[in-house]
Each structure stands twice: as structure tokens, then as C-alpha cells.
Amino acid sequence: MSDDVEIPEVKEVSGTGIPVRGNDIDTDQIIPARFMKVVTFDGLGEFSFFDQRFDDEDNPKDHPMNEDRFQDANVMVVNANFGCGSSREHAPQALMRWGIDAFIGESFAEIFAGNCLALGMPTVTADQETIEDLQDFVDENPDAEIDIDVAAETVTYDGTTVDVTVDEGQRKALVDGIWDTTALMKANQQAISETAEGLPYV
Amino acid sequence: MSEGTLYDKVWDRHKVTTLPNGQDQLFVGLHLIHEVTSPQAFGMLQERDLEVARPDLTLATVDHIVPTADQSRPYSDDAAEEMMSELEQNVRDADIEFLSPETGEQGIVHVIGPEQGLTQPGKTIVCGDSHTSTHGAFGALAFGIGTSQIRDVLATQTIAMEKQKVRKIQVDGELGEGVEAKDIILEIIRRLGTEGGVGYVYEYAGEAIEDLGMEGRMSICNMSIEGGARAGYVNPDETTYEWLKETDYFQEHPEKFEELKPYWESIRSDDDAEYDDVVHIDASELEPVVTWGTTPGQGVGVTQPIPAPEDLPAEKQDTARRAQEHMRVEPGDTMEGYDIDVAFLGSCTNARLPDLRRAAKIVEGRQVPDDVRAFVVPGSQRVQKAAEEEGLKDVFEAAGFDWRNAGCSMCLGMNDDQLEGDEASASSSNRNFVGRQGSKDGRTVLMNPQMVAAAAVTGEVTDVRDLEEVVSV
Ligand code: SF4
């Protein structure tokens, strides 16, 4: 039951990277609406970025997610305003099921970042130059390890450590293992009832 | 930090506590659910053996996947049928009221909440759908949420959130003829950008907003999300109260109206409220806005030239270039005369009765050319019925439009209503992202409903002010 649900701490994420370039990549691109006609999230992974990855005859197109060298990647490196548009949680769910555990980008749409947090996936940010450098590095070194230290707000790769930003609330939630809000909030039953009673319309 | 705004007041009234993760826990006054984003949340609830905490504050409908032509069950699309059955099962098990198509009250979730009189000033409203911001038109705090948050709300009737900043968008002046609420919000997004609202909630104020009816205010609040804002709202006023009075809820409970009104008045932003930012827009300078690109921020006045990517801020240039390639438009041209194949009059932005009325005025006595598919998808069964009773259906059908049943339809193409190949559509909806209307090569031009009507009967993007029956709001 919720009261004893163990919420894992997410202090670090390590693994290899995959660059997905472009600003304003919206959730319709991440998971086209036609694949949302499902009642569970299982199996969504293979449809991630489907229309970017396949043509009308389902032939693979040029996309990093189609490349063998990136198949084991778990850190996605993206540009600005990633995940804008529809609030569908199917988007991070699909990417998580494809294998992604964390994102590094210039900026993220707010609802997308919130949805990621609810799954325990960090969305850390850095300036354009840092991101582009990292994307180039990942492109050339698909097997190189990238370490995201959520607590220290750094990313280490290729022997160097760069500063990144993790939204404060997100950092605390991940590092302290308090990102599962259902469990957190369920504990406040008494206060919930009191708030409701104070509202004239309830 | 803002102080004394509606946002601050409603937030404080609903705050349960501050959570260890730093977020505030807020009580949710109304939880709206639909078939696409709720089944996974019900699944998560079952996994943890939890029950729905407040079915009495939860309302369900079906909108995204319902077919708008043949609605007989089982639906011809198996996936749609499965989603519908799953929703039926979930609401039955949890004892949640479900406005199904059989009730005559079904419709797009953001159209029915207000219709039922359940969207009220000073309420917190959430729904697993980004356009929940629509309900802010009534002075509610309304947020779109993800599936894990739906689970939170189902399990606890509360939500964890961080407080945002408040930007007041002061829209003064009077709208000219043919220019509507939709144009105000497209202009706001054009100016402030699709990311301009990140970290903010928008308060829409000023003469032009006060002059709007509730439907226009809903169109504006609806697209707050396209501007990057977490929510948008308008302070409640007499227009709001008059509208609410007519709803079933307050017709049945007139005493509630009197009882709640002082609360509604009390949560209005104070005259000396403090905002984190204020932006001014002059409504009298606006003309109908149409989009030339593939984000809602890529808009332009219908007689104005499409911008050259190199004239835009550096970070927008690349997106603009790709958008112009996709849309096949050239900088320096106007959007007037852009050929369209489909005209879609629908969505939670613009498929309410006054929207259809204005569009019908333009359509009356004209004909949709043979090579254009035009259709009207009313926002709800109520809108549909009312429009049929006042003869709007006949007007549209006589002009060659298809008259459909209520649902989201081609706003996102989850049912059979989709663009095909590289068709271009004139759409009264809110998103023109690539692939949004069901075809990844499809091209969407967003505009107000009168402009959609004008495009439908001329087969191209047309300045509705050049047609005779242009109406002002
Ligand atoms: S009409 Fe469009 S925007 Fe509105 S709820 Fe339906 S799909 Fe979403």
C-alpha cells in the first residue's frame, strides 16, 4: 500500500548518450497521437518518434534512434523547449520504455519536465554551447559514459565535468527519493479534509 | 512575487500543506477525466490497491476518440472501442458520473464543464489534458496534468504543484470587425512566443477582455498553454455570473448562487494586486491572425507579410525555416490566397454556439467549392442540439458542409477525421504542429471561426473583412 511504498532515490544517472537535435520538439513528434489509442503504456517504446524514424511504408529514415550505435543509450541530449505541446505523459513513458533514464537539454517544456519527474527521470539543463558540445561528443563517441550527478548538478564525460542546472524542486525530490507524490500526499489525510471543509463550494 | 491576485487567493484557499519536496499540496475542486489519459491512472491505482477518494468531485466524458459520423457501438475502430469500454468500466467501478453520448450531455471535456455549471470561479480544476486552462475563463484555477498526477488526484483529490509567477496581460481598446478573441490570443503568443509563458500563469484583463462573452474568454484561456503558461484566467464579473446563472446547476440550486457569490467576489484580483510582469496589447490594432508555420506562435496578421527567418530572433530562425518549407510559404508573401483543401470548424477553442453562429453568417448563401472538404464538429451535444434548433445546421449543410457529432475530431486526428497526404486545412483549433491533424505531411493554418468559414467558401485563406457579412463580437 502507498504508505510503505519505497520511492527510490535518483542521485545519479550514468550511461551512454543519444543526441536528438532540434528546438521545439513537441510531444506529437515524440509519440504521434495515433499511438495513444491504448489503455496501458506498455509497448509504447517502439513508437517513440515514429514519424521521424519511419516513412509511409515503414522504412527506417535517418534518425539517431534508428542507429545501431545508439540502441543502448539511456541519456538523451536535446535542445530547447523539448517536449512542448500536448501534456501527454505518453511522451516520457514512450522514451522511458525505449530505454531513456534521463535528459540533458537547453530547456524543457514544463509539463513534460513534470511528467518526467513523476517517473523519476531527471531533466537537467545547460546553455546552448554546452549542449551542442555534448551532442557532438556523443555523436562521435556513442559508447562513452556520461555521468549525471543530480545532487551536485554536474555532468561528467570525456574526463571533464561541466555544470548543469537541475530545478531545485526536482533535485530535492529525486535526491531525497520523494518524487512519488501519491505516497507523499496520501499521508496528509487530516489536512486534506480540513482544507476541503474550508471551501464554500465543496 | 505576486500578491493579492486571484491566483494567490485561490491557491491559498486550496493549499493543504507544503510537501517535503518543496511543492505545495493543493485540494482539487473538480477533476475532469476522459478516455485517453485516465485508463493508465486507474491501472496505477489498482496496482497499489487504492480507491478513488472523491468520486463526487469527479466527472467523466468521452471526446478524443469518439467517431463524429457513425457512433453506433461497438465502434468500427477496435482501439477506440477498447478505450471507451475501459472508461465505462472504470467509471462504473468507481461510481463516477459519466456524460456518455447517450446522455445528450457528452462533448469535449472543456466545453461540458462550463455547460454543466461545474466550472466556477475560485475552484481548482484539473484534467489530464493541456487545454484545461480553458476553465480559467470563469476565474477558476485550471491546470492540465499528466497521468501520474491523475493518479494523485484520483487517490487523494489533491495535486502537488509549485507556485508560478503571474503575468497580467492587459488588453485595451476595442476589437475591429472580423477580429475575435482567437486573434487576441494568437497575437499574444506571436509576441511573447510559445515559451514566453514558461514559469507563469496569465491573467487576462482590460477592456477588450471584459467586453468578451464567456465563449471568447474561453478561447483565450484555452490557448494559454500554447503560449507556454501553466494556466490562464479572467477575473469573474457580471458576464461570468449571468452565464453561470443560466446553467442547469444553478437553475436547480439557485440558493447556491447567492451562497457562493460572495466567495467569487472575494477571490477577484485586488485593484492594487502585485504582478511579476505586465504586458500591454492594443486590441484596436489587431487584424485577423493566421499562422504561417508549424507552431501557434508563428502567426501573422492576414494582410501582413510572412516574416523572413533571418529577421526573427536567432533561436527561432531554424524552426521558422523548417516550418516555411513544410508549409510551402515564402517570406514577404501574405497568407491571403493560400489554397486550402479542408476547413475544420471545431475543437475546444472554437466550437461553441456563438462561434458557429458567426461562422454560419459568413457561410449563408455561399457554396463550398467541390474540391474542399468542409465540416463542422460542435463542441458538445448541447451545442449541436442548440445549433440544430436555430437552423445553423441547415445553413452549413446548404453550403456544402458536413454536420457531425460532438468530439475532438480533426483537432488531433485520433478518430477517422484526419488530413490526408499534404492537404492544407483552415482550422479553428489550437495546434498546427506537424502531424497534429492526422497526416505528417498535412498543413494546418490556425484562424478564428469566421476566417475558417471564409476559407471554406473561397477555397483559400481569405480576409473575412473583405466579405460582406462580417460580424463583430
Ligand atoms: S478539442 Fe483538441 S485541444 Fe481540445 S481537448 Fe480535444 S484534442 Fe485537446
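Heavy atoms only: backbone and side chains are in, while hydrogens, waters and symmetry mates are out. Numbered from 1 within each chain, the chains take letters A, B, ... in sequence-line order.
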* Would you mind checking which part of A:Asp51 comes under 4.5 Å of any heavy atom in chain B, side chain (CB onward), backbone (N, CA, C, O), both or neither? => both
* Leading residue by heavy atom contact count with chain B [cutoff under 4.5 Å; candidates A:Asp176, A:Leu174, A:Val175, A:Val38] -> A:Val38
* Is it true that B:Trp264 and B:Phe257 have ring centroids separated by less than 6.0 Å? -> yes
* To do: Against chain A, label B:Thr147 side chain, backbone, both or neither, depending on which of its atoms sit under 4.5 Å from a heavy atom there.
  => both
* Asked: Do you know which of B:Gly144, B:Gly435, B:Gly29, B:Gly43 has the most heavy-atom pairs with chain A at a distance under 4.5 angstrom?
  -> B:Gly29
* Asked: With no hydrogens and no angle check, is any side-chain donor or acceptor of A:Gln128 less than 3.5 Å from a backbone partner on A:Glu106?
  -> no
* chain B contact via A:Pro200 - side chain, backbone, both or neither, heavy atoms under 4.5 Å -> both
* Any idea which of B:Glu35, B:Glu86, B:Glu82 has the most non-hydrogen atom pairs under 4.5 angstrom with chain A? -> B:Glu86
* Asked: Do you know which of A:Glu194, A:Arg171, A:His90 has the most heavy-atom pairs under 4.5 Å to chain B?
  -> A:His90
* Asked: Counting heavy-atom pairs under 4.5 Å to chain B, which of A:Asp28, A:Ile178, A:Leu119, A:Val39 comes out on top?
  -> A:Val39
* Side chain / backbone / both / neither for B:Gln120 at chain A, heavy atoms under 4.5 Å -> side chain
* Toward chain A, the part of B:Ile159 with a non-hydrogen atom under 4.5 Å -> backbone
* Please lay out, stage by stage, how B:Ser409 and B:Asp417 fare under the test side chain to side chain donor-acceptor pair (under 3.5 Å). => CA-CA 6 Å; B:Ser409 178; B:Asp417 308 332; 2.7 Å; yes
* Heavy-atom pair count under 4.5 Å with chain A, highest-scoring of B:Glu226, B:Glu315, B:His14 -> B:His14
* So, the side chain of B:Gln418 versus the backbone of B:Gly413: is there a donor-acceptor pair under 3.5 Å, distance only? -> yes
* Asked: Around atom NZ of B:Lys163, are there more than 12 heavy atoms of other residues, nucleotides or ligands at under 6.0 Å?
  -> yes
* **Salt bridge present between A:Asp56 and A:Lys61 (N-O < 4.0 angstrom)** => no
* Can you say whether A:Gln93 sits under 4.5 Å from chain B via the side chain, the backbone, both, or neither, judging by heavy atoms? -> side chain
* Structure fact -> Pair count under 4.5 Å, heavy atoms only, with chain A: among B:Phe143, B:Phe42, B:Phe433, highest is B:Phe433
* **Under 3.5 Å: donor-acceptor pair, side chain of B:Arg13, backbone of A:Leu199** => no
* Just wondering, are more than 12 heavy atoms of other shown residues or ligands nearer than 6.0 Å to CG in A:Asp62? -> no
